[in-house]
Protein chains: 4
Amino acid sequence: MELMKFDKIAFVATDVPEAQEALKTLTDRYGNAAPAEADVFVALGGDGLMLQTLHKHMHRGIPIYGMNRGSVGFLMNEYKPDHLRERLEAAEIARLHPLRAHATLANGSEHQALAINEVSLLRETAQAAKIRISIDGKVRMAELSCDGVLVATPAGSTAYNLSAQGPIIPIDAALLALTPISAFRPRRWRGALLSHRAKVRFEILEADKRPVSAVADHREFRDVVDVRVEEDPSIDLLMMFDEGHSLDERILTEQFLF
Amino acid sequence: MELMKFDKIAFVATDVPEAQEALKTLTDRYGNAAPAEADVFVALGGDGLMLQTLHKHMHRGIPIYGMNRGSVGFLMNEYKPDHLRERLEAAEIARLHPLRAHATLANGSEHQALAINEVSLLRETAQAAKIRISIDGKVRMAELSCDGVLVATPAGSTAYNLSAQGPIIPIDAALLALTPISAFRPRRWRGALLSHRAKVRFEILEADKRPVSAVADHREFRDVVDVRVEEDPSIDLLMMFDEGHSLDERILTEQFLF
Amino acid sequence: MELMKFDKIAFVATDVPEAQEALKTLTDRYGNAAPAEADVFVALGGDGLMLQTLHKHMHRGIPIYGMNRGSVGFLMNEYKPDHLRERLEAAEIARLHPLRAHATLANGSEHQALAINEVSLLRETAQAAKIRISIDGKVRMAELSCDGVLVATPAGSTAYNLSAQGPIIPIDAALLALTPISAFRPRRWRGALLSHRAKVRFEILEADKRPVSAVADHREFRDVVDVRVEEDPSIDLLMMFDEGHSLDERILTEQFLF
Amino acid sequence: MELMKFDKIAFVATDVPEAQEALKTLTDRYGNAAPAEADVFVALGGDGLMLQTLHKHMHRGIPIYGMNRGSVGFLMNEYKPDHLRERLEAAEIARLHPLRAHATLANGSEHQALAINEVSLLRETAQAAKIRISIDGKVRMAELSCDGVLVATPAGSTAYNLSAQGPIIPIDAALLALTPISAFRPRRWRGALLSHRAKVRFEILEADKRPVSAVADHREFRDVVDVRVEEDPSIDLLMMFDEGHSLDERILTEQFLF
């Protein structure tokens, strides 16, 4: 693993009082580098802020260390103001890749978005969605009648994917979860675990009558007709976790919760 | 059971050629009563037509006998042009009650609709729906974070409810199925079987930020803020089934399919 | 509902110290009738004791009021030594019927047993069980290859049935749950909800090579070849619950736990 | 990949007529090497024979090519008598590792067995099993009350694991599935996906009162008190598949069946 230094810390925080107080405490103590010059970001909030920060700085390969000042802190370390530099030095870095979604809309426009957790499709109206699913150029499901369907990364497997009853995937498993939302026909299809190199394509059938929206993490595209999803190995997402609390350990622990 | 007569038959049919041909064959042979004077409706098509016909004539308590000229025929009898009157005389009648949904929209307007299968709610945008669920005036789930939730009748339990992984319910069970769609929090909630007399209320939380639509069978209401659902015992839905192929038998058979 | 009186109370208790202390406190205060002369049994312990007491006195139709001095108290009322007679007068009585199992063993002997929760079958060796399932004399599943299968009452639906992923059934639903344990073929069969009047028959296929045991609540029969299960409406099980804590309410509450 | 030659073919076949006929046809045409001198085994039958042959010759690292003459042929190639050597040359080889189970019995004896599909535990009597689960020396579930539990390889994930509602795992995923059978407490635990390097330990609690058997593929150990399971990377299982019908492709296809 390359050598990293954590001299210049840039802090980001959510708007809630306890995050803003922490921001003040920490910038007083450690300074606050300009984002463009930072060696590391420290995010004060919950998982939502971690995802936002990863999205914002995704292309620069700078590691992000989260401290929990929010309600959901699966990706966050414990908040403590002391010994921050020592904690950064000792932290383990999880290196992930995002999904890249290419969406074609009914009006012909093309869009791209990156997703750290999942790319999901959902019907927009009372009409059931009808979706054709291909993997690596081969049609695997000619017509899935459903509320929707999603592709999740291992990091995202404990989020929306789990709610749709997909399996939790260990971080180092090199897999993607393909999980239906209310599969109507075939009615008992439970989805599939795919290689992380799989190229997934969703074609929306009868898109005029049955409009479908796509969401890459929180970015939404209405009226899609074709959505292609694959891992983008050229982008590194670097999340930092305190020793003994690695992402792997968190996901393993999550699997034994009930 | 009251005595019924089946002298005046009114036929209805879908637009597909095989339904239209059957319509011609049968009206040539048995005549075609005006709907307002009919003793019985004979529906030529699939389950969609059966539901439509039930909806249209729901308030009049006239029995409907379906014959399968469509793709999905769970509620339909086998198509045969001969001996129609004898089949009607011999048929078993299933008596069901619909659900009545009262929906209040964000603009303050109030609406009612009847549903034979289910009343379902689904998020309209990328924002997860947050829904409070009360049964008989008591809050049972203070906040369900989800894609949606539905209430299904026994007749509807093999439809959308099954896709959302709810249980199939025998017709005479006097139950309703309450089934979540992608429950996010509580994340492993599987829903509940309720008494058929249960009054279910869904309050949409943060409805501005998290818009939700409601669908009663196929009728859709956008931007609901409050939806109350209960069985309407004052309305009888009468569906006719050939001897040995009762709705009960169909639902039992369905449970042993795989 | 018939009038009941609760003059003569017979107490039963498990061996744990807190149950024995409660027994002493209560018999000092309220006396202790001989079981043969009792109007009511008060059981001090957990659900296991309730089931034992129901089994022991099942044929006499005497109501049982449980108070929780054990680890699992789904069927028990809160323990309080005061005002016992008033609580008994005010309690709601749930009237249930047990399942009756008729088992034929490989050695030709025949046995009967009653079950309040469920009758279950499980393979005895490494060989998968192969079981034919008939309902009301009609074969519904010619060969279920599995670890086992069970039939549960509504009262038992929150016990073993739930662990095998069967649905929770309201007490007044007049249903039985038929639920497979690790269905191997058909591999995605999830079981069925049956009328409470259903007569269920399990025939063990290749019973020599693939031995199966049957359990009615806790009573076990090894090497069964044929097991018939049906509700016995001639036996009343009367369980008493404090006002506002009826069995129905408990089962409804259970369905909203997660 | 090392160079392999397929000069000396040893045939094995099941007892059914069509396998025996194929055996005669093929040995007439290609000869039949002594097992000790064979470069390759050709197994004529179903998946059971493939597993048997793998077990028997596991320590020698000789590839096995199956042709389907049985009822279940997930691991078998299509049967054709012609061009066998050409098919062997063109085949893709899947390299798997078995699980190694170390079982300690109640009588103190120690046993080892290898498993290609899964190692499973099941209660022997009416008493629920109570099992402590540790991963890599750390207790992850202090007490699982259940019918049983299993650890499956990717190859075995479509077998018993799937019946117990565990997920199907791609062959190259480097994972093991840990899946409960009827989890009673915690009642909604669904299992976990573990690293293929995980060392899993099952300690049987109250083993006197609650006897448990363990099965490694088909080899059974009664009355176990402690079972440790881990992948044995020192043993290569080599299965040969016709071009375009690799094990990966088979498992992917299996995931889109319903």
Side-chain angles (χ1 to χ4, degrees), chain A residues 132-146 149 152 154 157-158 161-162 165-180 183-200 244 246-258, chain D residues 132-146 149 152 154 157-158 161-163 165-180 183-198 200 244 246-258:
Chain A
R132 173 167 299 145
I133 304 174
S134 305
I135 313 293
D136 297 331
K138 182 169 174 184
V139 174
R140 292 286 175 175
M141 173 105 25
E143 182 178 314
L144 173 67
S145 178
C146 60
V149 64
S157 69
T158 59
N161 171 66
L162 185 60
Q165 315 218 17
I168 297 178
I169 312 172
I171 278 295
D172 59 356
L175 289 175
L176 301 175
L178 173 68
T179 303
F184 189 79
R185 210 164 312 126
R187 73 178 191 181
R188 287 187 180 172
W189 184 54
R190 298 197 302 170
L193 285 171
L194 307 174
S195 162
H196 71 120
R197 288 182 300 266
K199 295 176 195 305
V200 182
S246 72
L247 191 50
D248 246 2
E249 170 60 30
R250 283 158 199 246
I251 286 186
L252 186 55
T253 300
E254 189 80 4
Q255 295 191 79
F256 286 93
L257 293 182
F258 33 87
Chain D
R132 174 166 300 146
I133 305 174
S134 305
I135 313 291
D136 297 331
K138 181 169 174 185
V139 174
R140 293 285 176 174
M141 172 106 25
E143 182 178 315
L144 172 68
S145 178
C146 60
V149 65
S157 70
T158 60
N161 171 67
L162 184 60
S163 307
Q165 315 218 17
I168 298 178
I169 311 172
I171 278 296
D172 58 356
L175 290 175
L176 302 175
L178 172 68
T179 303
F184 189 79
R185 209 164 316 123
R187 73 177 191 180
R188 288 188 178 170
W189 186 54
R190 300 196 301 170
L193 285 171
L194 307 174
S195 162
H196 72 119
R197 289 182 300 267
V200 182
S246 70
L247 190 50
D248 246 2
E249 169 60 30
R250 284 158 199 246
I251 287 186
L252 186 55
T253 299
E254 189 80 5
Q255 295 192 80
F256 286 92
L257 293 183
F258 34 87

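Note that the structure is a prediction, hence the values are computed from the model and not measured. Lettering of chains follows the sequences in order, A, B, ..., and the numbering in each one begins at 1.
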Undergrad: Measure the spacing between CG of D:L144 and CZ of A:F256 and express it to the nearest 0.5 Å.
TA: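 Result: 9.5 Å between the selected atoms.
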Undergrad: Is it the side chain or the backbone of A:R197 that comes within 4.5 Å of chain D heavy atoms, both, or neither?
TA: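 When you check distances to chain D, only side chain atoms of A:R197 fall under 4.5 Å.
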Undergrad: Among D:L252, D:I135, D:I168, who wins on heavy-atom pairs under 4.5 Å with chain A?
TA: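 Option with the greatest count: D:L252.
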Undergrad: Out of curiosity, D:Q255 CD to A:R140 CZ, how far, rounded to the nearest 0.5 Å?
TA: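 Going from the CD atom of D:Q255 to the CZ atom of A:R140 covers 10.0 Å.
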Undergrad: Between A:I251 and chain D, with a heavy-atom cut-off of 4.5 Å, which part of the residue counts as in contact: side chain, backbone, both or neither?
TA: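 A:I251 has no heavy atom closer than 4.5 Å to chain D.
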Undergrad: Considering all heavy atoms of both residues, which atom of D:R190 and which atom of A:Q165 are nearest to each other, and what is their separation?
TA: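 That would be NH1-O, 3.5 Å.
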Undergrad: Given that the side chain runs from C-beta out, which part of A:A173 has a heavy atom under 4.5 Å from chain D: side chain, backbone, both or neither?
TA: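 Answer is both: backbone and side chain atoms of A:A173 are under 4.5 Å from chain D.
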Undergrad: Which value, rounded to the nearest 0.5 Å, describes the distance between A:L193 atom CG and D:L193 atom CG?
TA: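 It comes to 6.5 Å.
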